[in-house]
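Working notes, beginning with the structure itself.
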Amino acid sequence: MGDLSRAALDVTVEVDAPTDLALDATRFDALVTVRARAEQNARPAPVPSAEVLIMDRSLSMAGLGRLDEAKRAICAAVDTLREGTLFGIVAGHHAAEVIYPPDGGLVRVDAAHKREAKARVAAQLAAGGTAIGTWLDCARRLFDTLTDPGAVRHAVLYTDGKDEHESPEELDAALAACTDQFTCDVRGLGEDWNYRELLRIAEALHGTAEAVVDIADLTGDFVRLMKQAQRVVVPRLYLGLRLNERLDLGFVRQTRPVQADLTRQLQWRGDEIHVPLGAWSPGVRQYQMSLRFEAKTLPVDEKLRAARIVLHAEPADGRGRLPCTPGQALVVRRRSNPAFEHPVPTYHTRVQTEQELGMAMRACADAHEQKDDERADRELRLALGLAAELGDERRQRLLRAVAGTAPDGRAIVRRNVTRGEMQRLGLDSTRTGPPPVDATDQSAAPPARVPRSRCPHCGAALVARDAQYCEHCGRHVDGEGAEAVG
């Protein structure tokens with residue numbers, strides 16, 4: 001068993017899943033909660049760390065004093081770095097350049113290196129286009145120079161524009177190469193960036209994606225990010241899954257504190273699947289995993305170990321990947337009674353509703369971008385209803401900030417709303433609220449919706465009978481032409 005005592009971190013995993021399945025069931029989902037608690041009266045051993053600061057110096061940064069404010073933010077981040085941290089700075093436009101250290105690689109933080117680095121930042125001029133994948137690949141090569149396998153690897157990146165000087169495929173290739181190599185927090189400045197690009201980066205690199213509408217706020221944000229990175233004590237954590245041969249993994253998604261699809265990041269280590277969970281400090285994250293199977297392959301009225309779940313860590317002492325929690329067996333039983341139907345737990349219903357809220361917010365932002373006001377208004381009203389149903393006050397405030405009122409009293413997207421506000425709506429669509437106090441309290445369940453079995457657009461079977469969005473095509477299930485459950 002891997003020991004995280006040097007990190008002064010106690011990590012546990014909790015699994016909520018049905019134990020009984022309907023006779024014709026072909027899928028069940030499990031909610032996995034990972035908790036990392038700081039051990040009382042224990043101080044973590046120093047964790048080696050490396051930081052790469054990525055600054056956008058494309059031509060668009062020349063306007064409105066953006067580059068000057070961004071330089072202040074980068075310099076403030078440099079001043080916040082802890083002594084002994086290895087660091088480097090990348091300046092990007094349609095290419096990427098390591099501006100510090102001038103000879104490449106990474107150097108240790110000390111007073112002299114801080115002065116030199118800030119001088120190099122101050123000398124940057126705005127020019128060229130935007131190729132974010134190239135910047136990230138440059139950061140990856142810097143991290144590759146590390147000789148300490150247990151070092152925390154963290155980057156921050158800001159951009160004020162779309163990724164217009166490389167193809168989506170080139171960005172995808174860069175993200176694939178960087179996944180599980182380092183974490184990265186990304187920020188959008190102003191209102192000309194694309195929220196979907198930032199979400200792709202944050203999802204692949206286990207970071208946060210936020211909008212900085214006022215460029216003057218970037219300095220405080222970068223200082224905060226540097227301090228948060230210094231609290232990381234476990235460079236990498238993995239969810240290990242050993243599945244029964246009769247089952248397949250449909251998907252793995254993070255549901256809290258932000259939604260992220262981790263399915264494309266799966267790693268096979270022997271007969272065990274490892275899901276990268278990023279770097280960790282004390283905190284709680286939740287994940288949803290879906291297991292698929294053919295009903296006839298499961299025995300009837302017999303308990304079956306569907307999966308074994310264990311967490312693995314790569315602690316900072318460089319010993320490699322080791323299990324850090326006891327294994328947990330996920331046991332299910334297929335019931336012989338054809339009339340048996342397992343009630344959907346409230347916490348699973350909540351996760352589904354949160355996913356639908358995020359999809360509605362993104363659909364609203366996309367419709368506004370396409371100048372489809374009618375669709376944007378419809379998606380806004382749906383999102384407001386879902387946020388109210390969840391009691392998600394933060395996202396309710398965000399939705400109300402872009403809302404106006406039509407003559408008939410219905411909520412509509414304000415006709416003078418800025419692109420930046422709508423991009424922020426899309427960006428914040430994946431941020432979920434805190435879990436309910438009692439996830440098993442059935443009395444708090446949202447009201448039932450009219451059940452449907454198939455998407456009216458693509459005809460795919462709906463994974464949840466009361467879903468408002470189709471998992472296959474991503475479109476809103478409005479009930480028109482939908483096939484009702486018999």
Side-chain angles (χ1 to χ4, degrees), residues 31-32 34 52 54 131-137 139-140 143 153-159 162-163 166-188 193-212 225 228-229 232 235-239 249-267 273-280 283-290 351-352 354-363 365-366 395 423-433 469 471 474:
L31 188 70
V32 179
V34 179
V52 174
I54 306 174
I132 299 174
T134 302
W135 310 350
L136 291 168
D137 205 51
R140 178 186 59 79
F143 286 122
R153 305 177 181 198
H154 178 253
V156 293
L157 178 157
Y158 72 82
T159 183
K162 304 181 186 72
D163 192 37
E166 63 185 5
S167 68
E169 292 75 20
E170 288 172 317
L171 176 58
D172 282 342
L175 291 174
C178 295
T179 296
D180 204 31
Q181 301 303 305
F182 62 93
T183 60
C184 182
D185 295 305
V186 59
R187 297 294 184 261
W193 39 274
N194 183 307
Y195 82 86
R196 287 192 179 272
E197 291 174 352
L198 269 57
L199 286 180
R200 283 166 64 196
I201 295 167
E203 180 177 86
L205 304 183
H206 295 268
T208 60
E210 294 183 13
V212 182
L225 289 174
Q228 286 180 349
V232 172
R236 294 184 183 91
L237 200 64
Y238 300 86
L239 179 66
L249 182 62
F251 63 76
V252 181
R253 298 170 181 157
Q254 180 174 295
T255 61
R256 302 188 192 287
V258 296
Q259 297 165 336
D261 191 343
L262 306 181
T263 311
R264 289 187 295 179
Q265 301 182 28
L266 304 182
Q267 302 174 4
I273 300 172
H274 283 200
V275 185
L277 305 184
W280 278 70
V284 181
R285 302 180 201 175
Q286 286 185 328
Y287 305 88
Q288 178 189 15
M289 68 176 189
S290 180
V351 166
Q352 175 192 316
E354 286 173 336
Q355 290 172 349
E356 293 174 355
L357 171 57
M359 294 176 79
M361 292 171 70
R362 291 189 290 278
D366 292 343
R395 284 196 280 190
Q423 288 296 297
R424 181 184 176 188
L425 185 73
L427 198 61
D428 281 6
S429 66
T430 63
R431 297 177 63 186
T432 49
Y469 279 88
E471 272 196 358

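Note that the structure is predicted; figures quoted are calculated from it, not measured.
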>> Between T208 and R431, do the side chains contain a donor N or O and an acceptor N or O under 3.5 Å apart?
In response: no
> Is the shortest heavy-atom distance from the side chain of F182 to the side chain of L205 under 4.5 Å?
Replying inline: yes
> Going from CZ on R187 to CG on L427, what distance comes out if it is rounded to the nearest 0.5 angstrom?
Replying inline: 8.5 Å
> Do D180 and Y238 have side-chain atoms, one donor and one acceptor, less than 3.5 Å apart?
Replying inline: yes
>> Does the Lys NZ or Arg CZ of R253 fall within the cation-pi geometry relative to F251 - under 6.0 Å from the ring centre and within 45° of the axis?
In response: yes
> Do side-chain atoms of E170 reach the backbone of A174 as a donor and acceptor pair under 3.5 angstrom?
Replying inline: no
>> To the nearest 0.5 Å, what is the distance between CG on L262 and CG on L277?
In response: 7.0 Å
> With a 3.5 Å cut-off and no angle check, do the side chains of Q355 and Q288 form a donor-acceptor pair?
Replying inline: yes
> Charged N to carboxylate O under 4.0 angstrom, R424 versus E210?
Replying inline: no
> Of all heavy-atom pairs between L199 and R362, which one has the smallest distance, and what is that distance?
Replying inline: CD1-CD, 4.4 Å
>> If we ignore hydrogens and angles and just use 3.5 Å, is the side chain of E166 paired with the main-chain N or O of G133 as donor and acceptor?
In response: yes
> Between Q259 and S429, what is the shortest heavy-atom contact and its length?
Replying inline: OE1-O, 3.7 Å
> Does R236 make a cation-pi contact with W280 (under 6.0 Å, within 45 degrees of the axis)?
Replying inline: no
> Does T183 have any side chain to side chain contact (heavy atoms under 4.5 Å, CB included) partners at least two apart in sequence or in another chain, and if so, which?
Replying inline: H154, H206, A279
>> To the nearest 0.5 Å, what is the distance between OG1 on T134 and CG on D163?
In response: 8.0 Å
> Which heavy atom of W193 sits nearest a heavy atom of G188, and at what distance?
Replying inline: NE1-C, 3.2 Å
>> How close do L136 and C184 get, counting heavy atoms only, and between which atoms?
In response: CD2-SG, 4.1 Å
> Any donor-acceptor pair under 3.5 Å linking the side chain of E203 with the backbone of D261?
Replying inline: yes
>> What I want to check is whether the side chains of Y195 and D366 have a donor and an acceptor closer together than 3.5 Å.
In response: yes
> Looking at CG of L171 and CG of D137, how far apart are the two atoms once the value is rounded to the nearest 0.5 Å?
Replying inline: 11.0 Å
> With respect to V32, which candidate in T255, L239, V275 satisfies the side-chain contact (heavy atoms from CB on, under 4.5 Å) definition?
Replying inline: L239
